[in-house]
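Quick notes on the structure that follows.
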There are 2 protein chains.
Amino acid sequence: MNHEPAPDAPDLSATAAPRRRRAATIRDVAQAAGVSTATVSKFLNGGQRFTREVEERVAQAVRDLGYSSNPMARGMITGRTGNVGIVVLDVRNPHFTSLIRGASRPAAEAGLNLLFADIAEGLAPELPTLQALSRRVDGLIVSARLSDEALAWLGTSDMPVVYYGGPPAQQDCSSVGIDNRAAAAMLGRHLRELGHRRLRYVGFSGARWSQERWLGLQQAFEGSGAELHRHDVAEASADEGERIASEVLLGADAPDAVVAYNDLIALGLLGQTQALGLSVPRDVSITGFDNIVYGRYTSPALTTVDSGSEQTGERAMRRLIARIGGDPAARSGHELIASRVIVRGSTLGRPAVSRGEGRTR
Amino acid sequence: MNHEPAPDAPDLSATAAPRRRRAATIRDVAQAAGVSTATVSKFLNGGQRFTREVEERVAQAVRDLGYSSNPMARGMITGRTGNVGIVVLDVRNPHFTSLIRGASRPAAEAGLNLLFADIAEGLAPELPTLQALSRRVDGLIVSARLSDEALAWLGTSDMPVVYYGGPPAQQDCSSVGIDNRAAAAMLGRHLRELGHRRLRYVGFSGARWSQERWLGLQQAFEGSGAELHRHDVAEASADEGERIASEVLLGADAPDAVVAYNDLIALGLLGQTQALGLSVPRDVSITGFDNIVYGRYTSPALTTVDSGSEQTGERAMRRLIARIGGDPAARSGHELIASRVIVRGSTLGRPAVSRGEGRTR
DNA sequence: TTGTACGCGTTATCAT
DNA sequence: ATGATAACGCGTACAA
């Protein structure tokens, strides 16, 4: 019944791929235990009980042969891959690594593997990556700021998806993230209370919610008589923050506070501001967004907004798992993560009139 | 021949998992094109050519039905999953994210998906994670500093593996990494030339090559009359660097330079040193290891050793791909990545006799 | 309680 | 040049 390879099989060493030792199959276990494959299968995952004697023999055979079921063969039957995909926009951004970290634990608990894709710049084209991924996973966690094309495709597919960062446009779907506008408004109020009057926002044109943060900032300063200007960078990186620093700081009307779209931009901005001979926060306050851990190690340390990156990942994964399990409640709805302003040394109060005189409170 | 589901299938809406729309199979395509499944298969990936007419019909059917092959079914017969696993020790460490980034591109080029696992502390047990992963991938990229248990298991399995960080103990295997001892010696020589004489090394007991770096450091100071002391932290993190700072710096015999096992520890050390009222680098020089990008944004910026994280990931993936392809040359051998000292503001020369007098060169 | 047999979607072999 | 069909390893309805 078992097709043993002939002892004198033709030499295969010339074939391209090395022949892998065949792993034990459910049939091997059944044979070793003297039962049928059905018995083995039911015992191992059906949860059905058998006579003490049979269970013992099967368990022993499994141990002896080091058997574990072939996920592909199982997947063909069950329609499940046992994998979930997570797509990030840049693994090197600590915001995303925290997100991944947050998603890892519930995934591991549910016995799901993480199929990971980074679609930063030239790394991989969004749509094909998504399409390839979707054949190998039971569900996806993706950024809500994918291309419209990618979003549209996901909308038509019936793959369980949870978006992070915010709800994607108008779709009826499931998402987890902060209220970008409200969070930015909180940060804005902090700056307003500190007496700032000449603001710059360094946005990131690639992010859908850069605009929301800008609106939140404006909202916070409504009626204050403060001036708000906006710049945009093409990539949310420290390098871009460095590059745009002189444009932002050395213009005709120098700002007394700069709000960056995220902490990476803020980091570059902070370094370059000091390189330009300005003092932070005495000459200008600088803030970021996301609360990446490295904002603590600059000097001054970076004031920022905690966007709950890790919690976002965790909640997104839990939602996805529920969704994969068929929970109808998880099919749609936006879950809000609480955000809060983290005040550190890079922001400082301004005296009512003159400038750069140190703390006011 | 084709078993179409009956139009009036029993209602399945009560079953736990939502019924997923069935994707088009190769049989659907074959039927639509009026050819056999064999023809479709060969045309799509065998590379075999057919009459213009047949190819046209097949291509059309594929387009119409949005067909793409089922990776699980394909894997059953080819024995390939199309995935490679990458196991990191902590996603939040930028060293590892750079490694992942480096590995991503060649993987994508080869059409391989990345199955990712983070085995930081309590996140996931090493061996079971590895075992689960190994059934779902064609090869693995793992740290050479896994547990002995995990390493031993990998040794007996015939899964293609490439280790990063250095060669694991004594095994005959394939690995990519730097020469930790030599790299540390380079850094040591830099410090020696700067006139440092009271050194501290903050090692990480969990890393196999922390010891090698310590040896390299000692080697650099051989015959210099300098004192070298060693501390150890239990986790390679900024928090641990902070925690151990006072012990390292405020002892009876204060050091004039501290070398940390990696940049994260150095970051914590740097911050806390300044919090303790010491000036870096005037009172004490501090260096890290790995050249994570955030070392540029502290002040002073962190002197470190570039360990080629991204290049390591890239080379490891290329080796793995060769190994999966059956290239016998990739079966074993240690590939060395060049490392270099990155001198920044956190190290400063010491005058021959007195201390803390500023630059000597 | 246990076993048989079929089907999942694909590729490879062999026949035409 | 094209087609029929046997695997691949598993889960499960159904038969015993």
Side-chain angles (χ1 to χ4, degrees), chain A residues 1-5 10 12 15-17 19-31 33-58 62 65 67-82 135-136, chain B residues 1-6 9-10 12 15 17 19-20 22-58 62 65-82 135-136:
Chain A
M1 177 187 185
N2 225 347
H3 293 259
E4 288 295 338
L12 291 177
T15 49
R19 192 143 70 124
R20 296 268 287 277
R21 198 168 58 222
R22 199 177 71 91
T25 73
I26 198 172
R27 267 191 287 270
D28 299 331
V29 174
Q31 190 176 11
V35 297
S36 77
T37 60
T39 303
V40 177
S41 176
K42 285 176 194 153
F43 174 61
L44 289 182
N45 58 69
Q48 186 175 330
R49 302 308 304 250
F50 297 89
T51 50
R52 179 156 183 65
E53 218 255 311
V54 166
E55 295 194 350
E56 194 50 59
R57 289 212 311 270
V58 173
V62 166
L65 281 67
Y67 170 78
S68 73
S69 76
N70 180 325
M72 292 192 287
R74 153 178 282 191
M76 290 223 44
I77 293 288
T78 63
R80 292 270 167 93
T81 63
R135 293 300 310 244
R136 324 184 90 94
Chain B
M1 174 193 184
N2 225 346
H3 293 260
E4 288 294 338
L12 291 176
T15 50
R19 190 143 73 122
R20 297 267 288 276
R22 199 177 71 89
T25 73
I26 198 172
R27 268 193 284 271
D28 299 331
V29 174
Q31 190 177 12
V35 298
S36 76
T37 59
T39 303
V40 177
S41 177
K42 285 177 196 150
F43 173 60
L44 288 181
N45 58 71
Q48 188 176 327
R49 303 306 307 249
F50 296 88
T51 49
R52 180 157 182 62
E53 217 255 313
V54 167
E55 294 193 354
E56 194 49 59
R57 289 211 313 270
V58 172
V62 166
L65 279 65
Y67 169 79
S68 73
S69 78
N70 179 328
M72 292 193 287
R74 154 179 282 188
M76 287 219 47
I77 179 82
T78 62
R80 292 270 169 94
T81 63
R135 295 297 311 245
R136 325 183 88 92

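The figures that follow rest on heavy atoms only: side chains count, while hydrogens, waters and symmetry mates do not. Numbers restart at 1 for each chain; the letters A, B, ... are given by sequence-line order, proteins then strands.
Map Ala24(B) and Ala38(A) each onto its nearest nucleotide of DNA chain C; the residue landing nearer the 5' end is Ala38(A). Comparing Val54(B) and Met76(B) along DNA chain D, the residue whose closest nucleotide (by nearest heavy atom) sits nearer the 5' end is Val54(B). Nearest-nucleotide mapping onto DNA chain D: of Ser36(B) and Ala73(B), the residue sitting toward the 5' end is Ser36(B).
Atom-to-atom, CD of Gln31(B) to P of dG3(D) comes out at 13 Å; the value is rounded to the nearest Å. Atom pair Arg57(B):CZ and dA1(D):P shows a separation of 16 Å (rounding to whole Å applied). We find that CZ of Arg27(B) is positioned 11 Å from C1' of dT5(D), with the value rounded to whole Å. When the C1' atom of dG9(C) is taken as reference, atom CG of Leu65(B) falls 15 Å away, rounded to whole Å. The CZ atom of Phe43(A) sits 17 Å away from the C1' atom of dG11(D) (whole-angstrom rounding). Atom P of nucleotide dC8(D) and atom CD1 of Ile26(B) are separated by 19 Å, given to the nearest angstrom. Put simply, CG on Leu44(B) is 13 Å from P on dA12(C), counting in whole angstrom units. The CG atom of Asn70(B) sits 13 Å away from the C1' atom of dC8(D) (whole-angstrom rounding).
Between Thr25(A) and dG9(D), a side-chain N or O to OP1/OP2 separation shorter than 4.0 Å is absent. Note on Asn45(A): a side-chain N or O is less than 4.0 Å away from OP1 or OP2 of dG11(D). Using a 4.0 Å cut-off, no side-chain N or O of Thr37(A) falls inside it from OP1 or OP2 of dG9(D). Not one side-chain nitrogen or oxygen of Arg74(B) sits closer than 4.0 Å to the OP1 or OP2 atom of dG9(C).
Of the candidate nucleotides dT2(C), dT11(C), dC10(D), dT2(C) has the atom lying nearest to any side-chain atom of Lys42(A). Minimum atom distance to the side chain of Ser69(A) is reached by dC10(D), of the listed dT11(C), dT1(C), dC10(D).
Heavy atoms only, all atoms of each residue included: Tyr67(A) and Thr25(A) are closest at CE1-C, 3.4 Å. The two residues Phe50(B) and Glu55(B) make their nearest non-hydrogen contact at N-OE2, 2.7 Å. Pairing each heavy atom of Ala30(A) with each of Thr37(A), the nearest pair is CB-N, 3.6 Å. Scanning all heavy atoms of the two residues, the minimum distance from Asn45(A) to Arg74(A) falls at ND2-NH2, 3.1 Å.
Separating the CZ atom in Arg80(A) from the CE atom in Met72(B) is a distance of 11.0 Å, to the nearest 0.5 Å.
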